[in-house]
Number of protein chains: 2
Amino acid sequence: MPIKEAVRPGGRSARVQEAVHQAVRELQAVKSRDELTVPQVAEHAGVTPSTIYRRWGNLAELVADVSVERMRPDDDPVDTGTLAGDLQAWGEQYLEEMTSVPGQRALNDVMASAENGRRERCCHYSESLMATLRERALSRGEAAVPSLDRLVDGVVAPMTYRLLYDRESATAANLRRWIARALAVEDVD
Amino acid sequence: MPIKEAVRPGGRSARVQEAVHQAVRELQAVKSRDELTVPQVAEHAGVTPSTIYRRWGNLAELVADVSVERMRPDDDPVDTGTLAGDLQAWGEQYLEEMTSVPGQRALNDVMASAENGRRERCCHYSESLMATLRERALSRGEAAVPSLDRLVDGVVAPMTYRLLYDRESATAANLRRWIARALAVEDVD
DNA sequence: ACACAAACGCAAAATATTTGCTTTACGAGC
DNA sequence: GCTCGTAAAGCAAATATTTTGCGTTTGTGT
């Protein structure tokens with residue numbers, strides 16, 4: 001058994017996946033979503049349509065697969081010295097990314113995926129990032145660090161909600177309010 | 001010009017729409033989402049496939065259209081005497097509806113719709129309901145009624161987020177926490 | 001090196017989607 | 001009430017897509 005990551009067999013399978021993903025990315029840059037077809041992607045990637053159908057099932061799952069990759073954070077969140085600052089810095093770039101035209105399409109594509117767990121995996125990125133920032137704040141000795149749930153409910157949830165339903169209000173200014181509230185509230189039960 | 005609602009011409013067009021919607025509902029009760037096809041729906045509704053394609057474009061838009069109808073609140077929210085009670089009562093039945101198997105499918109179908117404004121329209125239901133409950137609380141003379149934004153961010157957003165990404169935590173108990181927090185926070189700017 | 005299994009290619013068959021043209025049915029003005 | 005104009009539906013041929021069976025390739029484990 002090779003030492004390589006189990007998720008990336010590294011053989012032909014991986015090459016095909018990469019070629020198809022790449023083809024989707026390149027075609028998406030030129031064509032709108034409902035001009036894209038499986039046969040097109042297949043030809044551009046140099047594979048047979050049946051390969052794509054057998055592996056991804058349909059176009060929706062394929063583009064969702066590509067978009068989920070795209071949404072995975074690549075670099076570590078910047079350290080601004082305070083939890084509020086870290087949240088604002090991360091949130092602003094996230095909002096910018098997700099309100100851009102390609103970002104919105106990626107979001108839509110992921111939401112349209114029926115495969116169980118795709119959306120969950122995608123939002124998991126944000127949650128584990130919240131956990132990271134929170135740990136960082138704790139190790140700094142910051143006072144009144146909210147629970148993870150409170151960060152998710154208070155910051156990630158409103159952001160996501162606005163991104164999905166009311167793009168206009170997905171702004172840095174609102175983000176500041178969400179963060180302030182999340183950090184200000186006293187415990188309630 | 002007839003006095004009937006402009007949105008419901010009442011003629012053949014409306015009959016066809018109703019027949020098609022009905023066909024979708026009936027078939028959805030028996031078949032899983034990806035067994036459903038346009039030609040099937042068309043036959044069951046007694047129309048031609050081309051009618052459906054011309055009017056809805058594709059199956060995703062059609063089922064989203066049906067689901068959005070399904071999510072429109074039919075009856076007025078109950079009046080429990082307090083804003084917290086009203087929110088809890090509405091939220092509990094909403095969570096129950098949306099965590100059910102057909103509710104989840106409806107949610108997915110709406111999220112998968114590409115038509116600009118479908119999702120927005122759907123979430124608009126919740127927001128205007130918040131406004132209603134809020135007005136009610138104000139006219140009761142309740143103290144410390146939160147702004148509409150705060151209700152949306154504090155209650156609707158977490159609910160929606162959990163329903164979409166983490167069904168397990170979309171519970172009445174969590175709802176109670178969200179409401180308590182939304183009503184407890186002091187103004188922050 | 002060899003054998004096994006998973007994934008791909010190919011091409012035919014089955015379905016689904018689009019489209020041009022005809023027909024029907026509603027609504028408006030007379 | 002009648003006729004006309006228009007928007008939507010039916011029909012069927014033309015396209016495009018998805019599915020499937022089978023042979024071949026390619027990676028993996030022994």
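Heavy-atom basis, side chains included; hydrogens, waters and symmetry copies ignored.
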Student: With salt bridge (charged side-chain N to carboxylate O under 4.0 Å, His left out) as the criterion, how do B/R70 and B/E97 come out once you've worked through the C-alpha distance, each side chain's angles and the decisive distance to 0.1 Å?
Tutor: CA-CA 10 Å; B/R70 190 185 187 289; B/E97 167 90 8; 2.7 Å; yes

Student: Compare the minimum distances between each of D/dG10, C/dA25, D/dT26 and the side chain of B/T51, then state the nucleotide with the smallest one.
Tutor: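 Nearest to the side chain of B/T51 among the choices is D/dG10.
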
Student: D/dT19 P sits how many Å from A/L59 CG, rounded?
Tutor: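 From A/L59 CG to D/dT19 P: 12 Å.
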
Student: For B/L36 and C/dT15, give me the distance from atom CG to atom P, rounded to whole Å.
Tutor: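 That distance rounds to 16 Å.
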
Student: Has the side chain of A/R15 got a donor or acceptor atom sitting under 3.5 Å from an opposite partner on the base of D/dG27?
Tutor: no

Student: Looking at A/Y53, does any N or O in its side chain come under 4.0 Å of the phosphate oxygens OP1/OP2 on D/dT18?
Tutor: yes

Student: In whole angstrom, give the distance that lies between atom CG of A/N58 and atom P of C/dA16.
Tutor: 14 Å

Student: Would A/D65 and A/S67 count as having a side-chain donor-acceptor pair, cut-off 3.5 Å?
Tutor: no

Student: May I ask you to check whether B/R105 and B/N108 show a side-chain donor-acceptor distance below 3.5 Å?
Tutor: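 Looking only at side-chain atoms, B/N108 and B/R105 do not form any donor-acceptor pair under 3.5 Å.
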
Student: Rounded to whole angstrom units, what separation is found between the CD atom of B/Q17 and the P atom of C/dC26?
Tutor: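 That distance rounds to 16 Å.
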
Student: Out of D/dG27, D/dG10, D/dA8, which has the shortest distance to the side chain of B/S13?
Tutor: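 Per side-chain heavy atoms of B/S13, the pick is D/dA8.
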
Student: Rounded to whole angstroms, how far apart are CZ on B/R12 and C1' on D/dA8?
Tutor: 5 Å

Student: Return no unless some side-chain N or O of B/R55 is found under 4.0 Å from OP1 or OP2 of D/dA9.
Tutor: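 Answer yes for this pair, as a side-chain N or O of B/R55 is under 4.0 Å from OP1 or OP2.
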
Student: What is the distance from CD of A/E61 to P of D/dT17, rounded to the nearest Å?
Tutor: 19 Å

Student: OP1 or OP2 of C/dG9 sitting under 4.0 Å from any side-chain N/O of A/S50?
Tutor: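 It does not, given that no N or O in the side chain of A/S50 lies less than 4.0 Å from OP1 or OP2 of C/dG9.
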
Student: Should B/E18 and B/R15 be marked as a salt bridge (charged side-chain N to carboxylate O under 4.0 Å, His left out) after you check the CA-CA gap, both sets of side-chain angles, and the distance that decides it?
Tutor: CA-CA 5 Å; B/E18 182 47 33; B/R15 280 200 306 278; over 6 Å; no

Student: Measuring from the side chain of A/V16 (C-beta onward, heavy atoms only), which nucleotide among C/dG9, C/dA16, C/dC8 has the closest atom?
Tutor: C/dC8

Student: Atom CG of A/D34 to atom P of D/dT17: distance rounded to whole Å?
Tutor: 13 Å

Student: Once you round it to whole Å, what is the distance between P of C/dT15 and CD of B/E43?
Tutor: 13 Å

Student: Decide yes or no on salt bridge (charged side-chain N to carboxylate O under 4.0 Å, His left out) for B/D79 and B/R140, but give the supporting numbers first.
Tutor: CA-CA 11 Å; B/D79 189 335; B/R140 272 195 210 106; 2.7 Å; yes

Student: Over all strands shown, is A/T48 touching base, sugar-phosphate only, or nothing at heavy-atom distances under 4.0 angstrom?
Tutor: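 Base: the residue A/T48, judged by heavy atoms under 4.0 Å, touches a nucleobase.
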
Student: For the side chain of B/R54 and the base of C/dT18, is some donor closer than 3.5 Å to an acceptor across the two?
Tutor: no

